Amino acid sequence: MSIKLFNTMGRQIQEFIPVEDNKVRMYTCGPTVYNYAHIGNLRTYIFEDILRRTLEYFGYQVKQVMNVTDVGHLTDDADEGEDKVIRSAKEKGKTAREIAGFYMEAFFKDLSLLNVEKPSVVCKATDHVDDMIKLIRRIEKNGFTYASGGNLYFDVAKFPDYGRLAMLRLEDLKAGARVKIDEQKKSPHDFVLWFTKSKFEHQSMMWDSPWGRGYPGWHIECSAMSMKYLGDHFDIHCGGIDHIPVHHTNEIAQAEAATGKKWVNYWLHGEFLVLSKEKMAKSAGNFITISTLIDKGYDPLDYRYFCLGAHYRSQLQFSFEALDSAKNGRAGLMERIARIREEAEKTGAEKVSPYAADTGAPGTYASGKGAPGTDDKAIRYLKSFEAHISQDLNVPKALADLWNLVKDGSVEAVSKYSVILAMDKVLGLRLGTAQMKKISVSKEISNLIDEREKAREDKDYKRADEIRNILKERGIIVEDTPQGVKWRKV
RNA sequence: GGCGCCGUACCCAAGCGGCAAGGGAGAGGUCUGCAAAACCUUUAUGCACCGGUUCGAAUCCGGUCGGCGCCUCCA
């Protein structure tokens, strides 16, 4: 099946064709580790995870590289401001390395809570300063740089295609509207490749370079590291939508100035999560983290489910009301799936495996050979699901396919469950963990359950309800069914 | 000032020329202990507003109002 993706470069949906058959090389811009990631940041990583899972679902071998910025991003532009990591270190009385290490670990823990698969390669900026220097030398050799006031700048005027990704026309931009113009620059859009001067004199993180002892500019790391691990020309580069006008625009200029050829084929950008009409920002202090959500009683997967309800290129309105509806929705979904699974296992299938995807290869259902136990009706839902995810990752529609399948009483259980597992390869909601658990309870709890049954027999419903409430507080839900009393954990 | 995007039911949100997906919440019903849970059914003749194009528009064009993002490190 062909996958169609919206390419920011050119702003249109295009069929995805990899550089190399069956392989996908993608670079995803990672975090600057000077604070916890907030749920707005995390939305983008969930989107990238869906992209990667979709590609893998359709049989591509994906090599995904993500950077971790542990140095080099300043608090503001105009080549002023402090390095965020170093400032955070100062505030907390730690070294920059400690700060970066701490938040990097926290970041990947958040990702795993959200069931976001870890990239194939995670690379830190500070481990790749040599690569950055090498890349800057290539750019310099090709004549795209100039030195001024001690810094080495990229000369935007030498790169005619500058700004194409963002559809910028330099003459239209009101440079200096919000930022003081740097007197050292020939053009306000020029940017620093290497700092040697000024306020970094007394700081710990500095490196020797052909331009003097100093500090890399803050766009060069992604270009250098992506090219190191993925080559001079690769398939996909992703990030948040905010990266389009500056970061990615500058990255393209640098990379293509160095190689003299096209760098990346497809650019994909995730839209923002917005909070009461404002974007969530670390600097604005209005941010919510995964820990916040956990403390409020949400499962991180509730948030993942919430994000899956909206298309990645639309802004998503966050509110706790909306998150509650996602939480309830997911709970209902898991419960239904648990029942389907029970039914499937009862009918004899000991272990139901996910249905093979339609990769077009022999052995998949596209060849006309249904797997045992999978009926055509279930496959129809899966086909619809595949059509939707391959259409620029229409996950909201794909999620609707899942719901429609789950609710369709005419689909046989083993097939149904098998298709659900197949869909979950992309959705990553851990649907396979849904289970009607025969949980073991303590003596005390089981006594309470017995006592309640006795009260019900005596028609002492007041006491029965009392006990149910007590159990509920302990996280046990009691259900009276025609088959007798059942209980489960919340 | 420039550039880009958006406005769909109580909430979140798909759809982007052919009779408005999905989830939550609400309502009704089945079951039951007038309970809980579960299950079933149901909820926009309408898509900010005003014009236009078309056999046909939420979807295309123009205008108005409102909101967001970017032009500064930010997912």
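Chain naming here is simple, since letters A, B, ... match the order of the sequence lines and numbering starts at 1 in each. Quick caveat: nothing in here was measured; it's all calculated off a predicted structure.
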Student: Taking 4.0 angstrom as the limit, do Glu105(A) and Lys109(A) come out as a salt bridge?
Tutor: no
Student: Using both distances under 3.5 Å as the test, list the Watson-Crick or G-U wobble partner of rA44(B), or none.
Tutor: none
Student: Quick one: label Asp465(A) by what it contacts on the DNA or RNA (base, sugar-phosphate, nothing), any heavy atom closer than 4.0 Å.
Tutor: base
Student: Would you indicate what Phe47(A) reaches in the nucleic acid, counting non-hydrogen atoms under 4.0 angstrom: base, sugar-phosphate, or nothing?
Tutor: nothing
Student: Mind checking if Leu316(A) touches a base, just sugar-phosphate, or nothing, with heavy atoms under 4.0 Å?
Tutor: sugar-phosphate
Student: Could you tell me whether Arg97(A) atom CZ has more than 12 heavy atoms of other residues or ligands within 6.0 Å of it?
Tutor: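 For Arg97(A), atom CZ is not crowded (no more than 12 foreign heavy atoms under 6.0 Å).
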Student: When the P atoms of rG1(B) and rC60(B) are considered, how many whole Å apart are they?
Tutor: 27 Å
Student: Over how many whole Å does the gap from Phe318(A) atom CZ to rA13(B) atom P extend?
Tutor: 12 Å
Student: Compare the minimum distances between each of rA75(B), rC73(B), rC12(B) and the side chain of Tyr45(A), then state the nucleotide with the smallest one.
Tutor: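 Among rA75(B), rC73(B), rC12(B), the one nearest the side chain of Tyr45(A) is rA75(B).
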Student: rC68(B) P sits how many Å from Asp242(A) CG, rounded?
Tutor: 17 Å
Student: Tell me every residue that passes side chain to side chain donor-acceptor pair (under 3.5 Å) with Asn7(A), counting only those two or more places apart in sequence or in another chain.
Tutor: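 Here the qualifying residues are Gln14(A).
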Student: Compare the minimum distances between each of rC68(B), rA38(B), rC74(B) and the side chain of Val274(A), then state the nucleotide with the smallest one.
Tutor: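 Among rC68(B), rA38(B), rC74(B), the one nearest the side chain of Val274(A) is rC68(B).
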Student: It should be established whether Asn41(A) places a side-chain nitrogen or oxygen under 4.0 Å from OP1 or OP2 of nucleotide rA75(B).
Tutor: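 Affirmative; the distance criterion is met.
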Student: Any donor and acceptor pair, going by atom type alone, linking the side chain of Arg11(A) with main-chain N or O of Leu165(A) inside 3.5 Å?
Tutor: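 Yes, because the side chain of Arg11(A) sits within donor-acceptor range (under 3.5 Å) of the backbone of Leu165(A).
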Student: Starting from P on rC70(B), measure out to NE2 on His189(A) and report it in whole angstrom.
Tutor: 17 Å
Student: Grab the N/O contacts between the protein and nucleotides 4-8 of chain B below 3.5 Å, and write none if there aren't any.
Tutor:
none

Student: Classify the side chain of Arg468(A) versus the base of rA35(B) as yes if they form a donor-acceptor pair under 3.5 Å and no if they do not.
Tutor: yes
Student: Check this for me: does any side-chain nitrogen of one of Arg304(A) and Asp49(A) sit under 4.0 Å from a carboxylate oxygen of the other?
Tutor: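 Yes, charged N to carboxylate O under 4.0 Å.
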Student: Taking N or O atoms only and anything under 3.5 Å, show me the protein contacts with nucleotides 15-22 of chain B, one pair per line.
Tutor:
| residue | atom | partner | partner atom | Å |
| --- | --- | --- | --- | --- |
| rG15(B) | OP1 | Asn394(A) | ND2 | 3.2 |

Student: My understanding is that only residues two or more places apart in sequence, or in another chain, count here; which of them pass side chain to side chain donor-acceptor pair (under 3.5 Å) with Arg336(A)?
Tutor: none
Student: So which one's nearest nucleotide on RNA chain B is more toward 5', Gly30(A) or Tyr461(A)?
Tutor: Tyr461(A)
Student: Under 6.0 Å from the ring centre and within 45 degrees of the ring axis: does the NZ or CZ of Lys185(A) meet both conditions for the six-membered ring of Tyr153(A)?
Tutor: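 No cation-pi geometry.
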Student: Between atom OH in Tyr27(A) and atom C1' in rA75(B), what is the gap in whole Å?
Tutor: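 Rounded to whole Å, this separation is 14 Å.
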Student: Strictly by Watson-Crick or wobble contacts shorter than 3.5 Å, is anything paired with rA37(B), and which nucleotide is it?
Tutor: none
Student: Kindly say if Arg452(A) contacts the phosphate of rA35(B), meaning a side-chain N or O under 4.0 Å from OP1 or OP2.
Tutor: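 It does not, given that no N or O in the side chain of Arg452(A) lies less than 4.0 Å from OP1 or OP2 of rA35(B).
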Student: I need the full list of salt bridge (charged side-chain N to carboxylate O under 4.0 Å, His left out) pairs touching residues 305-321 of chain A, with sequence neighbours left out, sorted by first then second residue.
Tutor: Arg313(A)-Asp392(A)
Student: In the strands shown, is rC55(B) matched to any nucleotide by a Watson-Crick or G-U wobble pair with both distances under 3.5 Å, and which?
Tutor: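 Pairing partner: rG18(B).
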Student: How many Å lie between CD on Gln317(A) and C1' on rG24(B), as a whole number?
Tutor: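 It is 16 Å, rounded to the nearest whole Å.
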Student: Can you measure Leu165(A) atom CG to rG69(B) atom C1' for me and round it to whole angstrom units?
Tutor: 15 Å
Student: Whole Å only: how far is the CG atom of Leu273(A) from the C1' atom of rC68(B)?
Tutor: 13 Å
Student: Just by modelled atom types, is the Ser325(A) backbone N or O under 3.5 Å from a matching donor or acceptor in the Asn328(A) side chain?
Tutor: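 Not confirmed, Asn328(A) side chain does not pair with Ser325(A) backbone.
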Student: Take Lys327(A) and Asp324(A) through the test salt bridge (charged side-chain N to carboxylate O under 4.0 Å, His left out) and record every step on the way to the result.
Tutor: CA-CA 5 Å; Lys327(A) 179 184 178 173; Asp324(A) 281 337; 5.8 Å; no
Student: Rounded to whole angstroms, how far apart are NE2 on His248(A) and P on rC70(B)?
Tutor: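 Value for this atom pair: 15 Å.
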Student: If you take any heavy atom closer than 4.0 Å to RNA chain B, which residues from residues 112-126 of chain A end up in contact?
Tutor: none
Student: Heavy atoms from C-beta onward define the side chain here; which of rA38(B), rA14(B), rA35(B) lies closest to that of Arg456(A)?
Tutor: rA35(B)
